[in-house]
**Q** 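One structure, pasted below without further comment.
Quantities reported herein were computed from a predicted structural model and do not represent experimental measurements.
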Amino acid sequence: MKKIWTSVAALLLILILAACGSSEEDSSSGEGNTEITVGATSVPHAEVLEEAKPLLEEEGITLNIEEYQDYILPNQDLAEGRIDANYFQTIPYMELQEQDNEDYDFANLGGIHIEPIGVYSQKYDNLEDVEEGTEFVMSRSVSTHGRVLTLLEKEGLIKLDESVEKVDATVNDIVENPKNLQFDTGVDAAGLPEVYNKEEEVLVAINTNYAIEADLVPKEDAIILEGTNSPYVNVIAAQSKDEDNEALNTLVEVLRSEDIQTFIEEEYEGAVIPVSGDSE
């Protein structure tokens, strides 16, 4: 009987040592890392995330990037749990999406950068030359209408109803339009550069990420460019239940770090402007 117990004890010792060895191997191979999947439009969001990957690895976080070419799927996939967070949208857009979709319950984990929206034209180099009746094209996304119209009002091209909040303004709230601009709001945001390239006589408001993809340089090519005090900050969004998720909040911290802010400033030369504070 003594020999049996001795054999059992020896076997247990071997199993314990094997388990310890296995644990050490898993740790050294990085299998203990936390993995997160973040959806992002290609430029600049996915590029910024790619730059953040090694910094997150140092924090024990493996970042998987899911790239999108539109503004609809990233929120659908977030709501359905296919991704852990997304990085592409502004706060007004996120709030509008939640209003329009009952199953969307998102949290803003923090603002990362601003992309000043610009107005582009192949025909006109300045606003003074814009002819009466010129067509003005902007995204079908209602969340950008107030943003663009406020920009036009600031430049004196239109006047908006003072009783309407600027962020909520639509073309129906224009009370003065001295150049009789003809507004087309039926184009997907991703298709705006194509309109700019094909229609020489129009004015086109293009989101900066799509402008960069189309090889436009906002500071040089835009005849109107939004200022840096824009409230339209691009944020990291997650499901509300993940608002306190440690890995996702670490992602925000890394994206706001000096290394990433410097990368954004140098890579995009003012077309994308990093922010460091909370954006509520």
**Q** Hydrophobic clustering (ILVMFWY, side-chain heavy atoms < 4.5 Å, transitive) - are Val48 and Ile65 grouped together?
**A**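 Yes, Ile65 connects to Val48 through the hydrophobic network.
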**Q** If you group Ile, Leu, Val, Met, Phe, Trp and Tyr whenever their side-chain heavy atoms sit less than 4.5 Å apart, what else falls in with Tyr232?
**A**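 For the cluster that includes Tyr232, the remaining residues are Val167.
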**Q** If you group Ile, Leu, Val, Met, Phe, Trp and Tyr by side-chain heavy-atom gaps below 4.5 Å, do Leu151 and Val171 land in one group?
**A**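 Both belong to a single hydrophobic cluster.
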**Q** When you measure from the side chain of Tyr93 to the backbone N and O of Tyr71, does any donor-acceptor pair fall under 3.5 Å?
**A**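 Such a contact is found between Tyr93 side chain and Tyr71 backbone.
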**Q** Could you check whether any side-chain N or O of Thr90 sits under 3.5 Å from a backbone N or O of Val233, counting only pairs where one atom can act as donor and the other as acceptor?
**A**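 Absent.
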**Q** Between Thr37 and Asn64 (side chain of the first, backbone of the second, donor and acceptor by atom type, cut-off under 3.5 Å), is there such a pair?
**A**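 Side chain of Thr37 to backbone of Asn64, a donor-acceptor pair under 3.5 Å: no, none is there.
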**Q** Does CD in Glu194 sit with more than 12 non-hydrogen atoms of other residues, nucleotides or ligands closer than 6.0 Å?
**A**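 Atom CD in Glu194 is not crowded, with 12 or fewer foreign heavy atoms closer than 6.0 Å.
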**Q** Between the side chains of Lys166 and Glu153, is the shortest nitrogen-to-carboxylate-oxygen separation below 4.0 Å, so that they form an ion pair?
**A**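 Yes.
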**Q** State whether the side chain of Gln122 and the backbone N or O of Asn197 hold a donor-acceptor pair below 3.5 Å, judged by distance alone.
**A**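 Pair found, side chain donor or acceptor close to backbone of Asn197.
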**Q** Is it true that atom CD of Glu162 has more than 12 heavy atoms of other residues, nucleotides or ligands lying nearer than 6.0 Å?
**A**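 No - once you tally the heavy atoms of other residues, nucleotides and ligands closer than 6.0 Å, there are 12 at most.
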**Q** Let me check something: do Leu49 and Val254 share a hydrophobic cluster, defined by ILVMFWY side-chain heavy atoms less than 4.5 Å apart, either directly or through other members?
**A**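 Yes, because Leu49 and Val254 connect within a single hydrophobic cluster, where side-chain heavy atoms sit under 4.5 Å apart.
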**Q** Would His45 and Phe88 count as a ring-ring contact (aromatic ring centres under 6.0 Å, His included) here? Give the steps.
**A** CA-CA 6 Å; His45 308 83; Phe88 79 100; 7.3 Å; no
**Q** With a sphere of 6.0 Å drawn around CD of Glu155, does it hold more than 12 non-hydrogen atoms of other residues, nucleotides or ligands?
**A**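 Atom CD in Glu155 is crowded, with more than 12 foreign heavy atoms closer than 6.0 Å.
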**Q** Gln182 and Asn180: side-chain hydrogen bond (donor to acceptor under 3.5 Å, both in side chains), yes or no, with the steps?
**A** CA-CA 6 Å; Gln182 302 299 305; Asn180 192 30; 3.1 Å; yes
**Q** Kindly say whether Leu78 contributes a backbone atom to a donor-acceptor pair with the side chain of Gln239 at under 3.5 angstrom?
**A**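 Such a contact is found between Gln239 side chain and Leu78 backbone.
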**Q** According to a hydrophobic-cluster definition based on side-chain heavy atoms being under 4.5 Å apart (Ile, Leu, Val, Met, Phe, Trp, Tyr only), do Leu55 and Val38 belong together?
**A**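 Same cluster: Leu55 reaches Val38 through Ile, Leu, Val, Met, Phe, Trp or Tyr contacts under 4.5 Å.
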**Q** So with a 6.0 Å cut-off around CG of Asp100, is the heavy-atom count from everything else above 12?
**A**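 Above 12, so yes.
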**Q** Does the Asn86 side chain pair with the main chain of Pro74, one donor and one acceptor, at a distance under 3.5 Å?
**A**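 Indeed, once roles are kept as given, a pair shorter than 3.5 Å links the two residues.
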**Q** Any donor and acceptor pair, going by atom type alone, linking the side chain of Lys179 with main-chain N or O of Val130 inside 3.5 Å?
**A**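 Such a contact is found between Lys179 side chain and Val130 backbone.
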**Q** Give a yes or no on whether Lys53 atom NZ has more than 12 heavy-atom contacts from other residues, nucleotides or ligands under 6.0 Å away.
**A**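 Yes.
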**Q** What's the spacing between Thr208 OG1 and His113 NE2 if we round to 0.5 Å?
**A**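 Atom-to-atom, Thr208:OG1 and His113:NE2 are 8.5 Å apart.
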**Q** Is it the case that the side chain of Glu135 and the backbone of Leu203 share a donor-acceptor pair, with hydrogens and angles ignored and the cut-off at 3.5 Å?
**A**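 No; zero donor-acceptor contacts below 3.5 Å.
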**Q** Quick one: does any side-chain atom of Thr41 pair with a main-chain N or O of Gln69 as donor and acceptor, under 3.5 Å?
**A**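 Here the side-chain-to-backbone pair does not exist.
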**Q** Report whether Val252 and Leu248 are members of the same hydrophobic cluster (ILVMFWY, side-chain heavy atoms less than 4.5 Å apart, transitive linking).
**A**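 Linked, Val252 and Leu248 end up in one cluster.
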**Q** Verify, without hydrogens or angle tests, whether Asn249 (side chain) and Glu246 (backbone) share a donor-acceptor contact under 3.5 angstrom.
**A**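 Flag not set: sc Asn249 to bb Glu246 has no pair under 3.5 Å.
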